[in-house]
> 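Would you mind keeping the following structure in view while I ask a few things?
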There are 2 protein chains.
Amino acid sequence: MGVQRKTKTGEQILAAFGDSKEALSAKMLLSRIEQRVNKTTVYRMLDKLEDDGVVHSFSGDGNVKYYARCHACSDTMHLHSHPHFQCVSCDKVRCLDFEVPLTTPLNLQVTESQILLKGHCEHCSS
Amino acid sequence: MGVQRKTKTGEQILAAFGDSKEALSAKMLLSRIEQRVNKTTVYRMLDKLEDDGVVHSFSGDGNVKYYARCHACSDTMHLHSHPHFQCVSCDKVRCLDFEVPLTTPLNLQVTESQILLKGHCEHCSS
DNA sequence: TTGATTAACGCAACTAAGTTGCATTAAATT
DNA sequence: AATTTAATGCAACTTAGTTGCGTTAATCAA
Ligand SMILES: [Zn+2]
Ligand SMILES: [Zn+2]
Ligand SMILES: [Zn+2]
Ligand SMILES: [Zn+2]
């Protein structure tokens with residue numbers, strides 16, 4: 001089940017994401033939240049927000065899970081087949097807007113695709 | 001630096017991969033190797049084999065690192081922009097043969113792409 | 001064949017991400 | 001204000017992977 005009560009942790013997590021396409025790990029969220037919050041609480045809140053279709057998650061570099069705001073999802077429909085980008089220089093991660101057309105083999109039933117692009121973001125290109 | 005001596009661990013790891021496109025985690029390798037080998041040894045040997053362009057690695061589901069044989073790599077040139085597939089039913093992971101054409105935004109310098117497809121493999125489709 | 005060199009190894013201890021159980025706190029409802 | 005129970009904090013745990021260090025064994029030269 002998703003979020004059922006309005007709490008400070010929930011507010012602060014959503015405030016940390018804001019309206020941007022930036023993706024954040026649990027650790028990054030913890031460091032951004034003013035109020036002292038336990039990591040367990042953050043993990044559980046993120047789970048609930050994901051259930052509600054408010055955030056989506058994916059696996060970034062170094063086996064770390066990242067979360068980002070959803071923009072067209074609800075608790076009944078999740079739709080985010082977009083790729084993600086991680087800068088190898090500043091480590092920032094974000095959602096990319098376009099869709100990648102995938103032609104998959106006929107003998108496989110693909111239900112989900114995760115695309116992570118790595119490289120240098122616009123601020124870190126030299 | 002890569003592998004410098006012929007050892008049993010190295011042989012057994014390569015034997016476990018064989019010639020297939022199947023990807024294996026360190027844990028899976030440990031369970032497949034007859035001889036008793038320490039996990040540290042497996043991790044270190046995989047690192048060396050990756051340095052040599054003998055295997056490549058990528059992040060699978062559950063933040064687990066998978067390794068697979070390279071087929072066109074050397075210690076000086078690594079080339080594996082192919083996608084990987086993980087069956088959500090039998091958990092097998094493998095390399096896919098085709099390339100995915102990616103049109104990336106102009107303001108990003110993409111140097112690496114990881115594509116993981118998830119779904120049901122040919123043996124687990126009902 | 002033997003001895004020297006050092007890559008590879010085993011072990012224990014560690015790190016880091018994430019999870020679980022349980023007692024406590026605090027939203028929401030009456 | 002009293003009740004209900006979602007949300008929280010804490011400690012302890014799990015799992016993947018790493019590190020330091022002393023030991024073993026592959027390679028090569030004498
Ligand atoms: Zn950057
Ligand atoms: Zn996204
Ligand atoms: Zn399968
Ligand atoms: Zn592969």
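Note on naming: letters A, B, ... go to the chains in the order of the sequence lines (proteins, then strands), and numbering restarts at 1 for each one.
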> Can you figure out which of C:dA8, D:dT8, D:dG9 approaches the side chain of B:T7 most closely?
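The listed nucleotide nearest to B:T7's side chain is C:dA8.
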> Once you round it to whole Å, what is the distance between C1' of D:dA26 and CD of B:Q4?
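From B:Q4 CD to D:dA26 C1': 11 Å.
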> Nearest of D:dA25, C:dG18, D:dT8 to any side-chain atom of B:R5?
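Taking heavy atoms from C-beta onward, the closest nucleotide is D:dA25.
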> For C:dA8 and B:K48 - does any side-chain N or O of the residue sit under 4.0 Å from the phosphate oxygens OP1/OP2?
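For B:K48, the contact criterion (side-chain N or O under 4.0 Å from OP1 or OP2 of C:dA8) is met.
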> Could you tell me the separation between the CG atom of B:L24 and the C1' atom of D:dA16, rounded to a whole number of Å?
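Distance check: B:L24 CG to D:dA16 C1' gives 16 Å.
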> Could a donor-acceptor pair under 3.5 angstrom be found where the side chain of B:R36 meets the base of C:dG10?
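When only heavy-atom distances are counted, B:R36 does not reach the base of C:dG10 through any donor-acceptor pair under 3.5 Å.
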> In whole Å, what is the span from the CG atom of A:D47 to the C1' atom of D:dT8?
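For the pair A:D47 CG and D:dT8 C1', the rounded distance is 15 Å.
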> Quick check: do B:L96 and B:L117 have side-chain heavy atoms less than 4.5 Å from each other?
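A side-chain contact exists here, since the closest heavy-atom pair is under 4.5 Å.
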> A:S25 near the nucleic acid: base, sugar-phosphate alone, or nothing, with a heavy-atom cut-off under 4.0 Å?
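Contact class for A:S25: none.
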> Checking contacts here: which listed nucleotide (D:dG9, D:dG17, D:dT8) is nearest the side-chain heavy atoms of B:K39?
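When the side chain of B:K39 is considered, D:dG17 is the closest of D:dG9, D:dG17, D:dT8.
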> Any side-chain heavy-atom pair from A:L29 and A:L46 closer than 4.5 angstrom?
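When only atoms from C-beta onward are counted, A:L46 and A:L29 do touch, with a gap below 4.5 Å.
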> Where the side chain of B:V64 is concerned, which of D:dG17, C:dG18, D:dT27 is the nearest nucleotide?
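Of D:dG17, C:dG18, D:dT27, D:dG17 is nearest to the side chain of B:V64.
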> In whole Å, I'd like the distance from the CG atom of A:D61 to the P atom of D:dG17.
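Going from CG in A:D61 over to P in D:dG17 covers 13 Å.
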> Counting only side-chain heavy atoms from C-beta out, which of D:dA16, C:dG18, D:dT8 sits nearest to A:Y43?
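Selected nucleotide (nearest to the side chain): C:dG18.
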> Rounded to whole angstroms, how far apart are NZ on B:K27 and P on D:dT14?
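Atom-to-atom, B:K27 to D:dT14, this comes out as 13 Å.
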> Categorize A:M45 for me: base, sugar-phosphate, or nothing, with a 4.0 angstrom heavy-atom threshold over every strand shown.
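It contacts sugar-phosphate atoms only.
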> Strictly below 4.0 Å, N to O, side chains only: are B:E50 and B:R44 in salt-bridge contact?
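Salt bridge: no.
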> How long is the line joining CE of B:M28 and P of D:dT15, in whole Å?
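In whole Å, D:dT15 P and B:M28 CE are 16 Å from each other.
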> Please check the phosphate of D:dT15 (OP1 and OP2 only) for any side-chain N or O of B:N63 closer than 4.0 Å.
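So the side chain of B:N63 is outside the cut-off, no N or O lying under 4.0 Å from OP1 or OP2 of D:dT15.
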> Which nucleotide wins on minimum distance to the side chain of A:T40, given the candidates D:dA7, D:dC21, C:dG21?
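Out of D:dA7, D:dC21, C:dG21, the nucleotide with an atom closest to A:T40's side chain is C:dG21.
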> Would you mind telling me which of C:dA17, C:dT5, D:dC10 lies closest to the side-chain atoms of A:N38?
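My answer, after comparing the listed nucleotides, is D:dC10.
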> Got a salt bridge between B:D19 and B:R69, using NZ or NE/NH1/NH2 to carboxylate O under 4.0 Å?
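The answer is no: the pair does not qualify as a salt bridge.
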> For B:Y67 and A:G10, find the nucleotide of DNA chain D closest to each by heavy atoms; which residue's nucleotide sits nearer the 5' end?
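Its nearest nucleotide being more 5', the pick is A:G10.
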> Rounded to the nearest angstrom, tell me the gap between atom CE in A:M1 and atom P in C:dA27.
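Taking CE of A:M1 and P of C:dA27, I get 19 Å after rounding.
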> Quick check on the 6.0 Å ring-centre criterion: do A:H82 and A:H56 meet it?
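That pair passes the under 6.0 Å test.
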> Of B:Y66 and B:K8, whose closest DNA chain D nucleotide lies nearer the 5' terminus?
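The 5'-side residue here is B:Y66.
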> Pick the nucleotide of DNA chain C nearest each of B:Q35 and A:R44; which residue has the one closer to the 5' end?
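Looking at the nearest nucleotide for each, B:Q35 comes out on the 5' side.
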> Check each of B:K8, B:Q12, B:E11 against B:Q35 using the side chain to side chain donor-acceptor pair (under 3.5 Å) test, and report the only one that passes.
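When side chain to side chain donor-acceptor pair (under 3.5 Å) is applied between B:Q35 and each of B:K8, B:Q12, B:E11, only B:Q12 qualifies.
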> Do A:K65 and C:dG18 have a side chain to base donor-acceptor pair shorter than 3.5 Å?
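Checked by distance alone, the answer is no.
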